[in-house]
**Student:** 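Take this structure, written in structure tokens, and hold onto it; I'll ask about it next.
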Amino acid sequence: MKRFLLVLSLFLICRALHASPELAKEGFTSAKVCGECHVAIYEGWKESMHANAVTDPVFYPIFLETSRQTGGQTDFLCLSCHAPTVRQTRDTHLTNPITLEGVTCDFCHSVTESKPGAADPLTVVIGKKKWGPLKGITSPAHEVSYSDLFEQSRLCGSCHEYTNKNGAPLFETFSEWQKSPQAKGASPKEGKTCQSCHMPPLKGLVVPPRVKPTQEIYINSHEAAGGHSIEQVRKAVTLRIGESRREGDKIHATVYLENVGSGHKVPTGMPTRKLVLRLQAFVGGAPLYAAERIFQKILVDKKGEVITKDADLFLKAVKVSQDNRLEPGEVRAEDFTFYAPEGKKIEIRLSLYYLYQPRIIHETEMKVILGEEKTTLPEK
């Protein structure tokens, strides 16, 4: 009898370990349930900005500030992208645990159509069928259907493009991409979608062998690395010193920046993101000259005053007053001229960094060094 009970217990344990997870009978299924089978994909996703889109320490204070200023009228708008399950649940008070999962698995894989710019850009079908970019895939837990939408940038464009109620374009990442060489496919190296860079294919298992015997294939990374990824930002722009020459007591230096790694402008997204080029000159190790060039999109309110606070961009911006960001593939030449004593060696140092410093929390700052260069001019 003891042996029988032991065998039965082992059988039940094995059955439980190999049982398919149960999807939600109504509404969306938690990403944790998806992660029981899609282990590698889940591990990548849970560290992503998509997974932390609600709890992000930059977004959440902005969300609260705009909510306070509008009496909650902006809650649904903000959460419709940062926690898109609210499009169906209307949980703008963040009481449902799945809302806090941000851009969660079941929402994206329930999208059947995307029309960026439309009043309601996403068509979502909640149920046992899940859509994705892989063909010939079956699952013991749910139905699977291939959709080429998951290979197209318009899926991302539904959220990564926004014009506020005043007609001011706050972020234009999708439309910037539409105008880019990457979107137009001008050469064999181009013709890239958002997913090509931000969700590149990596070899791995869709599910582990305990769930279903399978082989490694190329599946998309779900880390969705973007502006918050140091590695991703560093791939975007190169920096080099061009011609540097003396003319008497004047120094002329040309610096070249090139957007080599983005199919959109750099920086993109929120206008408070900046690209800062700094040139410093030294004589005998002592500082002689310093100058900065800032590349960003600047918006103003109806009084013409520059907006520097993220919450105010959504509520008060009326138009773009300046936009000198780097276009995809653009090489930008920046010239500097300054005085220097003759007969002295001059060392020039360059640095280029990406800066995101929303004013809602003054202590919050993201600064990434993109490149550093230096050169020395002779005495004559």
**Student:** For Lys303, which residues count as a side-chain contact (heavy atoms from CB on, under 4.5 Å) partner, sequence neighbours excluded?
**Tutor:** Asp301, Glu305

**Student:** Go through the structure and list residues passing side-chain contact (heavy atoms from CB on, under 4.5 Å) with Thr173, not counting sequence neighbours.
**Tutor:**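 For Thr173 the side-chain contact (heavy atoms from CB on, under 4.5 Å) partners, ignoring immediate neighbours, are His160, His264, Thr268.
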
**Student:** Of all residues at least two apart in sequence or in a different chain, which pass the side chain to side chain donor-acceptor pair (under 3.5 Å) check with Thr92?
**Tutor:**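 If we apply the side chain to side chain donor-acceptor pair (under 3.5 Å) test to Thr92, skipping adjacent residues, there are no hits.
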
**Student:** Sequence neighbours left out, what passes side chain to side chain donor-acceptor pair (under 3.5 Å) with Asp106? Give chain and number order.
**Tutor:**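 Scan of Asp106 (side chain to side chain donor-acceptor pair (under 3.5 Å), adjacent residues dropped) gives Ser110, Lys130.
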
**Student:** List the residues meeting salt bridge (charged side-chain N to carboxylate O under 4.0 Å, His left out) with Glu216, not counting sequence neighbours, and say none if there are none.
**Tutor:**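 Counting only residues at least two positions away or on another chain, Glu216 forms no salt bridge (charged side-chain N to carboxylate O under 4.0 Å, His left out).
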
**Student:** Mind checking salt bridge (charged side-chain N to carboxylate O under 4.0 Å, His left out) for Lys203 and listing every partner two or more places apart, or none if nothing turns up?
**Tutor:** none

**Student:** Lys179: what forms a side-chain contact (heavy atoms from CB on, under 4.5 Å) with it, not counting sequence neighbours?
**Tutor:** none

**Student:** Answer with yes or no whether the side chains of Asp91 and Thr99 bring together a donor and an acceptor at under 3.5 Å.
**Tutor:**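 The answer is yes; a qualifying pair exists.
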
**Student:** For Glu172, give me all partners under side chain to side chain donor-acceptor pair (under 3.5 Å), at least two apart in sequence or on another chain.
**Tutor:**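 Counting only residues at least two positions away or on another chain, Glu172 forms a side chain to side chain donor-acceptor pair (under 3.5 Å) with Lys297.
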
**Student:** Tell me which pairs pass disulfide bond (SG atoms under 2.5 Å apart) where either residue lies in residues 51-92, with sequence neighbours left out.
**Tutor:**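 Every pair satisfying disulfide bond (SG atoms under 2.5 Å apart) with a residue in residues 51-92: Cys81-Cys159.
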
**Student:** Is a donor on one side and an acceptor on the other found under 3.5 Å between the side chain of Glu101 and the backbone of Ala31?
**Tutor:**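 Side chain of Glu101 to backbone of Ala31, a donor-acceptor pair under 3.5 Å: yes, one is there.
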
**Student:** Please enumerate all residues that pass salt bridge (charged side-chain N to carboxylate O under 4.0 Å, His left out) together with Glu43, with sequence neighbours excluded.
**Tutor:** Lys46

**Student:** Restricting to side-chain contact (heavy atoms from CB on, under 4.5 Å), what partner residues turn up for Ser153, sequence neighbours left out?
**Tutor:**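 Result, side-chain contact (heavy atoms from CB on, under 4.5 Å) vs Ser153: Phe174, Trp177, Thr193, Cys194, Gln195.
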
**Student:** When Ile, Leu, Val, Met, Phe, Trp and Tyr are grouped by side-chain heavy atoms lying under 4.5 Å apart, directly or through other members, which residues fall in the same group as Leu122?
**Tutor:**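 Its cluster partners, ordered by chain and number, are Phe28, Ile98, Phe107, Val111, Val124, Val125, Ile126, Trp131, Leu149, Phe150, Leu155.
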
